[in-house]
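One structure below.
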2 protein chains.
Amino acid sequence: MAGTREHLSRPRIVELALDIIDTKGLPALNMRRLAASAGVKPMSLYHHYPNKEAILGAVAESIAAAALGDPHAFGPWQERTRLLFVGLYELVQAHPRALPLITTGVLRTPSGRRWMEELMDVLLEAGFTPDAAARVYHLLGAFTLGLGYAQLLSLEVPAETIVGELTGHWADYPNLLRVGLQLAIWDQPADFATGLDVLLARFAEELDGAG
Amino acid sequence: MAGTREHLSRPRIVELALDIIDTKGLPALNMRRLAASAGVKPMSLYHHYPNKEAILGAVAESIAAAALGDPHAFGPWQERTRLLFVGLYELVQAHPRALPLITTGVLRTPSGRRWMEELMDVLLEAGFTPDAAARVYHLLGAFTLGLGYAQLLSLEVPAETIVGELTGHWADYPNLLRVGLQLAIWDQPADFATGLDVLLARFAEELDGAG
DNA sequence: AAGTAAGGCGTACAAAGTACGGTAACAGAC
DNA sequence: GTCTGTTACCGTACTTTGTACGCCTTACTT
């Protein structure tokens, strides 16, 4: 190990990359900007990660690790499942602009896989068949991540832009006019819990019916 | 209007672009490839659209137009809402790789806005407040598009890739092993209807409670 | 036949990922 | 203290992709 001059390291790169993603968006993360933010030239990054994809993977893992709050919550399976998805949702809240990384990371990072492993543990133990467990994940996951995409969209395309594109057309869209900005903005985390519970209750019924 | 030599036109460009997206994916759509598929040089495209973004917008509109099946279905509001979201879901089924365009197109293309206008018409007429109507859209939309993203993911990252990355780690993930490929694949359109109905029923309750 | 506008194109530049080989600085051996 | 090898960093340059600018050809009009 050579100089310890306070410089680059894998965790440092990930930290800076995540900061760029959070503040400027995923497309704004490029090797030159990342290097500059580290006070280094672009090619130096390649001594720590083989390519950009590897850096994105490391960011995904770093984010996903935060979803593993308490490894094992107690209570009935509904509650444990609920907590797992609340964790996922909090991830999205914390780093909405990194959502595409979270999406792929669920099955492709160690922490993501551990999250999924625990979910499957809960569901199989509750009595779901493997296929049913996969369905639960897909539906709840789609709902959770779908809300994340709504949030991301309202971040990247501000409501004013949408409204601006509509000026002069309001006559064609009287009901859009009545509903207004709320359509282009998603910021009702409470509704996430509602939807999650409704879907969970449905799966509980299914399980009882079959068991 | 000059020559009618069978060549480029705006609809033709959109058609070819959509074909590339459907067969090779959104990232594979670039101006050079698109031009080549039209038997033309890249810069020729710029005589029909000002830039790539405009082409993507036109593709989004072209796709969205297909969601406007019967402009006005009959029946109670639940049924009409259901049909609108089924239409959206069919769009995703038809062109999963264009999903990011659909997502943004819902409020940014004429056809998308008409779809949204009709949805708001149905909901407001049913008695939802504007805010509640926006919530219905956000939750159902998140669910619908979220499933689309799951499908897109299983298209772009084949299950074998996921499994390949897990070889040697199966001991760490016994439950993932039991559930197997189904986790990485989404192909259960029937479940979409289930989830949709469950969420709709919940909103119906809410409406009755308030009205 | 000549003018004119529309459609197509050649060239060239900027942004971004990264291959390749060089260099600097520090560790340990002697 | 000098030598040597390893580690971290970097300069240069090639590739891909979007697109600005201006030329050229075509085909219809008169």
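A note on names: the letters A, B, ... follow the listed sequences, proteins ahead of strands, and every chain is numbered from 1.
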Under the salt bridge (charged side-chain N to carboxylate O under 4.0 Å, His left out) definition, can you give me all pairs with a residue in residues 155-164 of chain A, not counting sequence neighbours?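 Sorted pair list: A:R97-A:E156.
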Residue pairs involving residues 107-117 of chain B (criterion salt bridge (charged side-chain N to carboxylate O under 4.0 Å, His left out); sequence neighbours excluded):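 As it turns out, the salt bridge (charged side-chain N to carboxylate O under 4.0 Å, His left out) pairs with a partner in residues 107-117 of chain B, which skip direct neighbours, are A:E165-B:R108.
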Distance check needed: [N] [atom2] versus [X] [atom1], whole Å only.
X: A:L34; N: C:dA15; atom1: CG; atom2: C1'; result: 16 Å
X: B:K41; N: C:dT11; atom1: NZ; atom2: C1'; result: 12 Å
X: A:I13; N: D:dA8; atom1: CD1; atom2: C1'; result: 11 Å
X: A:L45; N: D:dG11; atom1: CG; atom2: P; result: 13 Å
X: B:R12; N: C:dG8; atom1: CZ; atom2: C1'; result: 16 Å

Which residues pass the side-chain hydrogen bond (donor to acceptor under 3.5 Å, both in side chains) test with B:E15, sequence neighbours left out?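 B:E15: side-chain hydrogen bond (donor to acceptor under 3.5 Å, both in side chains) contacts with B:R12.
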Among residues at least two apart in sequence or on other chains, which ones pass side-chain contact (heavy atoms from CB on, under 4.5 Å) with A:L181?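 A:A159, A:V163, A:I185.
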Hey, can you pull the donor-acceptor pairs under 3.5 Å for the side chains in residues 25-33 of chain A, sequence neighbours left out?
unit_1	atom_1	unit_2	atom_2	d
A:N30	OD1	A:R32	N	3.2
A:N30	OD1	A:R33	N	2.7
A:R33	NE	A:A28	O	2.8

Check whether any side-chain N or O of B:S44 sits under 4.0 Å from OP1 or OP2 of C:dC9, and answer yes or no.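 Result: yes.
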Are any of A:H48's side-chain N or O atoms less than 4.0 Å away from OP1 or OP2 of D:dT7?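 So the side-chain polar atoms of A:H48 never come under 4.0 Å of the phosphate oxygens OP1 or OP2 of D:dT7.
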Could you pull out the protein-nucleic contacts involving nucleotides 18-22 of chain D (nitrogen or oxygen on both sides, under 3.5 Å)?
unit_1	atom_1	unit_2	atom_2	d
D:dG18	OP1	B:K52	NZ	2.5
D:dG18	OP2	B:M31	N	2.6
D:dG18	N7	B:R32	NH2	2.5
D:dG18	O6	B:R32	NH2	2.8
D:dT19	OP2	B:Y46	OH	3.1
D:dT19	OP2	B:K52	N	2.9

Treating A:T144 as the side-chain partner and A:L140 as the backbone partner, does any N or O pair qualify as donor plus acceptor under 3.5 Å?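 Confirmed, A:T144 side chain pairs with A:L140 backbone.
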Which residue pairs pass the ring-ring contact (aromatic ring centres under 6.0 Å, His included) test when at least one of the two sits in residues 89-117 of chain B, sequence neighbours left out?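 Qualifying pairs: B:F85-B:W115, B:Y89-B:F192.
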Based on the rotation axes of five pairs at each end, what angle does the helix from C:dA1-D:dT30 to C:dC30-D:dG1 bend through, to 10°?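 Comparing the first five pairs with the last five, the axes sit 20° apart.
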Give the table of side-chain donor-acceptor pairs shorter than 3.5 Å for residues 36-45 of chain A, with sequence neighbours excluded, one pair per line with atom names and distance.
unit_1	atom_1	unit_2	atom_2	d
A:S37	OG	A:L34	O	3.0
A:S44	OG	A:K41	O	3.2

